[in-house]
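For the numbers below, each heavy atom of this structure counts, side chains included, while hydrogens, waters and symmetry mates do not. In the text below, chain A, chain B and the rest are named by the order of the sequence lines, each starting its count at 1. Just so it is clear, the model here is predicted, and its values are computed rather than measured.
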Amino acid sequence: MQFLIKNIIREAISDVLEKMIDTPFEFEVKNAPPQFGDFASNVALVGSRFFKKSPRQLAEQIAGELCVNPIFDSVSIDGPGFLNFKVSNDVLLRVVRSILNGDYKVSRDENRSVKVQFEYGSANPTGPFTVGHGRQLVIGDVLSRVFKELGFSVIREMYINDAGRQIKLLGRSLWIRYNQQLGVEELQIPQDGYHGEYLVEIAGRLIDLHGERYKNKWDDKIERLFCNFAVENIMAGMRSDLEQLNCQFDVYFSEKSLISDGTVDGVLKELFNKGLTYEKDGAIWLRVSSFVDDADKVLIRSDGSYTYFLTDIAYHYNKYKRGFHRVYDIWGSDHHGHVSRMVAAMKALGIPDDFLNIILHQFVTLKREGETVKMSTRAGSFVPLKNLVQEVGPDAARYFFAMIDPNTHMVFDIDLAKKQSADNPVYYVQYAHARICSLFRQAKEKGLTFEIGKNLDLLQNPLEKRVMKRLDSFDDALNDVVRTLSPNKLCLYLEGLAYDFHSFYTKCLVINPSEPELSNARLSLARATEIVLSKGLSILGISAPERM
RNA sequence: GCGCCAGUAGCUCAAUGGAUAGAGCGUCGGACUUCGGAUCCGAUGGUUGCGGGUUCAAGUCCUGCCUGGCGCGCCA
């Protein structure tokens, strides 16, 4: 059951409008600035042109009808013609009741049949995750959880680029590390190879397993072995990073499998049959420019190998065939050049425009002791995700990555994330939860017998009402996340709820043995807050501690 | 040169085309002989990068600049 007060108000307004005019029009109901009331609507402002009346005149007419409705304590007109409402306590209490009863649900039945897929964290398995990947993983993970919460059927998927030339370079780099450790001095990793320390470690493991068997020996079979060994070991590290960050995937999708199962060839054939490919300079090209304002791109190189572009088209073709209604790809902003090409490819294959949705996120800058450290994978100056998560903890890492709009450049302040004080928003929200748990411990210790859900009508204080209104907006917050594809809306909401609760708590004594009825009511409000806080934190993948 | 993203308080960030642009931190000043002071209350702080335009209304939309990030490969 959903008791979104704004919906109740919207319906009340619509009922009035229906009697006045035939053509419905869009208007909004939102929280009002506190000096004006609880909720506000711009219905008279946007409606004035349909009625050929001034906004204020129309507002007065609508208000005249609405004020008899018992859900309102008052209806007033302010400013250019805003309708401002104070809602009755009874309406506010419905929210608390339904949360306490467990029938407050944000999921929508109509979402249940919508199959969506999130693809994120996709990386070459050629090195460990970086801090930049961390941002992407958390954005994807939280968005997936929010979509799931709203009832969508969601698959979380990581694409493993295990087929390209990068992998061959990786295998070769590993083989050279292996030989170096066995005393072969003259071999050096090529400039564009992989120089990271992690390959030295993996080479050591290879020696433990196979001894000197592959020293100075190199053929296709050995190459495959070294490639596979490197990929498997790096993937194992990535999986442990994911676990540490509390990220789970439903599917790990191998690029190689698209080649071996014929998907790539099938897509090539389809594009060829449609006349959308051509040969030039010994390579096969896709007519990207026929669909979008971008240059044509190579699908098959002159040496016969497949480009990343081609296999990615095949991957998305595969997604489409799997029956997803929408897919969301989350990429770093350095991939934005890939967007229009993929859009073109989808059009070329006749896949609907709304199928592929791409969420680009900007880069992360680390800040430590006031110094900013810019990171770039290509320049080799990256900080492994593992180190960051170990330093600040998974809760702070996740919260920080989630709390910034993906479109905004992000400064990750390591010192702030480690700080256990009010400066740190993750502790601020968690503290509200711990504080509520403490209330119930206290009540028990003091031998107070209380009954959740009883005497709710005693909740009359403005600070109590503010908490109730905020509880009602949880649904709004989650829908905002879906609408804007930014998890930070949920963080902002939880900070607001924590703030409202702390204010209430400071001003209103919750546990008071001399007023058991009022204690019943306030403990009930605290319980409802606890339920929403812990739900919100769990969607963020963050713990809701009972003590801190 | 072309394209994408951003530019809002000292700092980090909010704000469906709506009311006097808001929070937190910082700074200054207050609040526990009752439930966790990891909290609360108040003050301070703005020409929303700059100039035009669209309209009842622009931080938001259009346009021209400026600054920063990222791209512009038979890399991924």
Side-chain angles (χ1 to χ4, degrees), chain A residues 26 28 30 32-33 35-36 40 42 45-46 48-49 54-55 78-82 84 122-124 126 161 164-166 192 255 280-285 293-295 297-303 305-309 311-312 332-340 360-363 365 367 370 374 376-378 403-413 416 419-425 427-428 430-432 434-435 437-443 445-446 448 480 483-484 488-489 491-492 495-496 498-499 501-513 519 522-523 526 547-548:
Chain A
E26 291 286 316
E28 62 187 30
K30 55 201 286 187
Q35 67 270 33
F36 291 119
N42 67 346
L45 279 89
V46 294
S48 65
R49 64 195 152 111
S54 79
D78 299 283
F82 283 99
N84 287 308
S122 299
N124 287 334
T126 52
N161 302 122
R165 351 172 309 181
Q166 302 299 325
D192 55 351
E255 179 183 7
K280 192 181 95 181
D281 303 331
I284 305 295
W285 298 66
D293 183 21
D294 202 351
K297 293 287 162 194
V298 168
L299 297 171
I300 303 179
R301 301 187 190 96
S302 50
D303 68 1
S305 62
Y306 297 154
T307 61
Y308 167 78
F309 181 41
T311 50
D312 209 25
S333 61
D334 55 335
H335 281 61
H336 87 252
H338 195 53
V339 173
S340 62
L360 293 175
H361 66 90
Q362 303 299 314
F363 278 27
T365 306
K367 187 168 145 193
K374 213 188 75 179
S376 150
T377 310
R378 292 185 187 200
M403 75 178 179
I404 307 291
D405 187 308
N407 260 331
T408 305
H409 293 259
M410 168 180 186
V411 178
F412 194 117
D413 186 334
L416 176 61
K419 225 160 153 185
Q420 305 208 351
S421 77
D423 317 6
N424 189 343
Y427 284 103
Y428 183 81
Q430 288 180 321
Y431 181 61
R435 204 173 212 186
C437 294
S438 164
L439 271 178
F440 285 98
R441 286 194 297 268
Q442 282 286 331
E445 273 172 34
K446 291 187 177 172
L448 187 80
D480 278 350
R483 180 176 55 81
T484 60
N488 70 319
K489 303 292 185 294
C491 296
L492 290 168
E495 286 166 39
Y499 169 75
F501 180 80
H502 286 310
S503 296
F504 151 73
Y505 175 93
T506 305
K507 193 75 189 284
C508 303
L509 184 62
V510 176
I511 297 171
N512 186 353
S519 294
R522 288 184 170 162
L523 280 168
R547 298 170 200 268
M548 295 172 71

Query - Whole-angstrom distance between U47(B) and U63(B), as gauged at atom P - result: 27 Å
Query raised in the report: Of all residues at least two apart in sequence or in a different chain, which pass the salt bridge (charged side-chain N to carboxylate O under 4.0 Å, His left out) check with Lys507(A)?
Result: none
Query - hbond_proxy Ser333(A) side chain to C5(B) base (donor-acceptor, 3.5 Å cutoff) - result: no
Tabulated below should be each protein N or O lying under 3.5 Å from an N or O of nucleotides 60-62 of chain B; please produce it.
none

Query raised in the report: How many Å lie between CZ on Phe501(A) and P on G37(B), as a whole number?
Result: 12 Å
Query raised in the report: Should Leu299(A) and Trp285(A) count as side-chain neighbours, where that means a heavy-atom distance under 4.5 Å?
Result: no
Query - For Arg522(A), salt bridge (charged side-chain N to carboxylate O under 4.0 Å, His left out) partners two or more places apart - result: Glu464(A)
Requested in this report: Taking atom P in both G49(B) and A14(B), compute the distance separating them and give it to the nearest angstrom.
Outcome: 14 Å
**Report entry** C75(B) phosphate, OP1 or OP2, under 4.0 Å from Arg301(A) side-chain N/O
**Finding:** yes
Query raised in the report: Looking only at side-chain N and O atoms, does Gln442(A) come under 4.0 Å of OP1 or OP2 in G36(B)?
Result: yes
Requested in this report: Between Ala283(A) and Ala498(A), just flag the one whose closest nucleotide in RNA chain B comes earlier from the 5' side.
Outcome: Ala498(A)
Requested in this report: Name the closest nucleotide to the Tyr505(A) side chain, picking from G24(B), G36(B), G71(B).
Outcome: G36(B)
Report task. Mark up nucleotides 7-14 of chain B, 5' to 3', with B wherever a protein heavy atom is under 4.0 angstrom from a base atom, S wherever such an atom reaches only the sugar-phosphate, and - elsewhere. Result -> ------SS
Report task. Would you indicate whether Asp303(A), at its atom CG, is surrounded by more than 12 heavy atoms from other residues, nucleotides or ligands within a distance under 6.0 Å? Result -> yes
Report task. Could you tell me whether Cys508(A) contacts a base, only the sugar-phosphate backbone, or nothing, with contacts defined as non-hydrogen atoms closer than 4.0 Å? Result -> base
Requested in this report: Over 60° means perpendicular and under 30° means parallel, so classify the ring planes of His338(A) and Phe309(A), tilted if in between.
Outcome: perpendicular
Report task. Between A19(B) and A58(B), how far apart are the C1' atoms? Round to whole Å, please. Result -> 14 Å
Report summary line: Here the distance between atom C1' of C74(B) and atom CZ of Phe309(A), to the nearest Å, is 13 Å
Query raised in the report: Who pairs with Thr126(A) by side chain to side chain donor-acceptor pair (under 3.5 Å), at least two apart in sequence or on another chain?
Result: none
Query raised in the report: What residues form a side chain to side chain donor-acceptor pair (under 3.5 Å) with Arg301(A), not counting sequence neighbours?
Result: Ser305(A)
**Report entry** Nearest-Å distance once atom C1' is located in both C70(B) and C56(B)
**Finding:** 40 Å
Requested in this report: Please state the C1' separation for the pair C11(B) and U16(B) - nearest whole angstrom.
Outcome: 28 Å
Report task. Round to the nearest Å and state the distance from Lys280(A) atom NZ to C74(B) atom C1'. Result -> 11 Å
Requested in this report: May I ask you to evaluate whether Ser438(A) reaches the phosphate of G36(B), defined as a side-chain N or O under 4.0 Å from OP1 or OP2?
Outcome: yes
Query raised in the report: To the nearest angstrom, how far is Tyr306(A) atom OH from A76(B) atom P?
Result: 14 Å
Query raised in the report: Are OP1 or OP2 of G73(B) and a side-chain N or O of Arg165(A) less than 4.0 angstrom apart?
Result: no
Query raised in the report: Is Arg547(A) touching bases, backbone alone, or none of the nucleic acid, heavy atoms closer than 4.0 Å?
Result: base
**Report entry** Pairwise C1' distance for G59(B) and G7(B), with rounding to whole Å
**Finding:** 11 Å
Requested in this report: Would you indicate which nucleotide in A38(B), A76(B), C74(B) comes nearest to any side-chain atom of Asn161(A)?
Outcome: A76(B)
Query raised in the report: Picking from C75(B), C40(B), G36(B), which would you name as closest to the side chain of Tyr499(A)?
Result: C40(B)
Query raised in the report: Roughly how far, to the nearest 0.5 Å, is OG1 of Thr408(A) from CE of Met403(A)?
Result: 11.5 Å
Query raised in the report: Which range-with-range stems can be found for RNA chain B when each stem has 3 or more Watson-Crick or G-U pairs in a row and both distances sit under 3.5 Å?
Result: B:1-7 with B:66-72, B:10-13 with B:22-25, B:26-31 with B:39-44, B:49-53 with B:61-65
Query raised in the report: Taking only residues two or more places apart in sequence, or in another chain, which ones meet Asn84(A) in a side chain to side chain donor-acceptor pair (under 3.5 Å)?
Result: Asp78(A)
**Report entry** Taking every non-hydrogen atom, the tightest pair across Ile511(A) and Lys446(A)
**Finding:** CG2-CD, 4.1 Å
Protein-nucleotides 17-22 of chain B N/O pairs closer than 3.5 Å?
from: A19(B); atom 1: N6; to: Asn84(A); atom 2: OD1; distance (Å): 3.1
from: A19(B); atom 1: N1; to: Asn84(A); atom 2: OD1; distance (Å): 3.1
from: A19(B); atom 1: N1; to: Asn84(A); atom 2: ND2; distance (Å): 3.0

Query raised in the report: In chain order, what residues pass the side chain to side chain donor-acceptor pair (under 3.5 Å) check against Ser333(A), with sequence neighbours excluded?
Result: none
Requested in this report: Please state whether the phosphate of G37(B), meaning OP1 or OP2, lies under 4.0 angstrom from any side-chain nitrogen or oxygen of Arg435(A).
Outcome: yes
Report task. Round to a whole Å and report the spacing from CG of Leu439(A) to C1' of U39(B). Result -> 13 Å
Query raised in the report: What is the distance, rounded to the nearest whole Å, between atom OH of Tyr428(A) and atom P of G36(B)?
Result: 17 Å
**Report entry** Pairwise P distance, U44(B) and G51(B) [rounded to whole Å]
**Finding:** 27 Å
Query raised in the report: Nearest to the side chain of His336(A) - C4(B), A76(B), U39(B)?
Result: C4(B)
Query raised in the report: How far, in whole Å, is C72(B) from A9(B) if one measures between their P atoms?
Result: 32 Å
Query - Arg483(A) or Gly337(A), whichever maps to the more 5' nucleotide of RNA chain B - result: Arg483(A)
Report task. Would you mind classifying the nucleic acid contact of His502(A) as base, sugar-phosphate or nothing, using non-hydrogen atoms under 4.0 angstrom? Result -> sugar-phosphate
Query raised in the report: His409(A): what forms a side-chain contact (heavy atoms from CB on, under 4.5 Å) with it, not counting sequence neighbours?
Result: Gln362(A)
Query raised in the report: Looking for any heavy atom pair under 4.0 Å, which part of the strands does Ala443(A) touch: base, sugar-phosphate only, or nothing?
Result: nothing
Query raised in the report: Strictly under 6.0 Å, is that where the ring centroids of Phe504(A) and Phe501(A) end up?
Result: yes
Query - Exercise: identify the closest heavy-atom pair between Tyr499(A) and Tyr428(A) - result: CA-OH, 3.1 Å
Report task. Looking only at side-chain atoms of Met548(A), point me to the closest of C70(B), A76(B), G36(B). Result -> G36(B)
Report task. Please state how far atom CG in Asn407(A) lies from atom C1' in A15(B), giving the value in whole angstrom units. Result -> 15 Å
Query raised in the report: Starting at OH of Tyr427(A) and ending at C1' of G37(B), how long is that distance when rounded to a whole Å?
Result: 18 Å
Query raised in the report: Among all residues two or more places apart in sequence or in another chain, which pass the salt bridge (charged side-chain N to carboxylate O under 4.0 Å, His left out) test with Arg483(A)?
Result: Asp480(A)
**Report entry** Short side-chain to backbone donor-acceptor contact, Ser519(A) and Val510(A), under 3.5 Å
**Finding:** yes
Query - Qualifying residue, where the test is side chain to side chain contact (heavy atoms under 4.5 Å, CB included) with Glu255(A) and the options are Asp312(A), Asn124(A), Asn161(A) - result: Asn161(A)
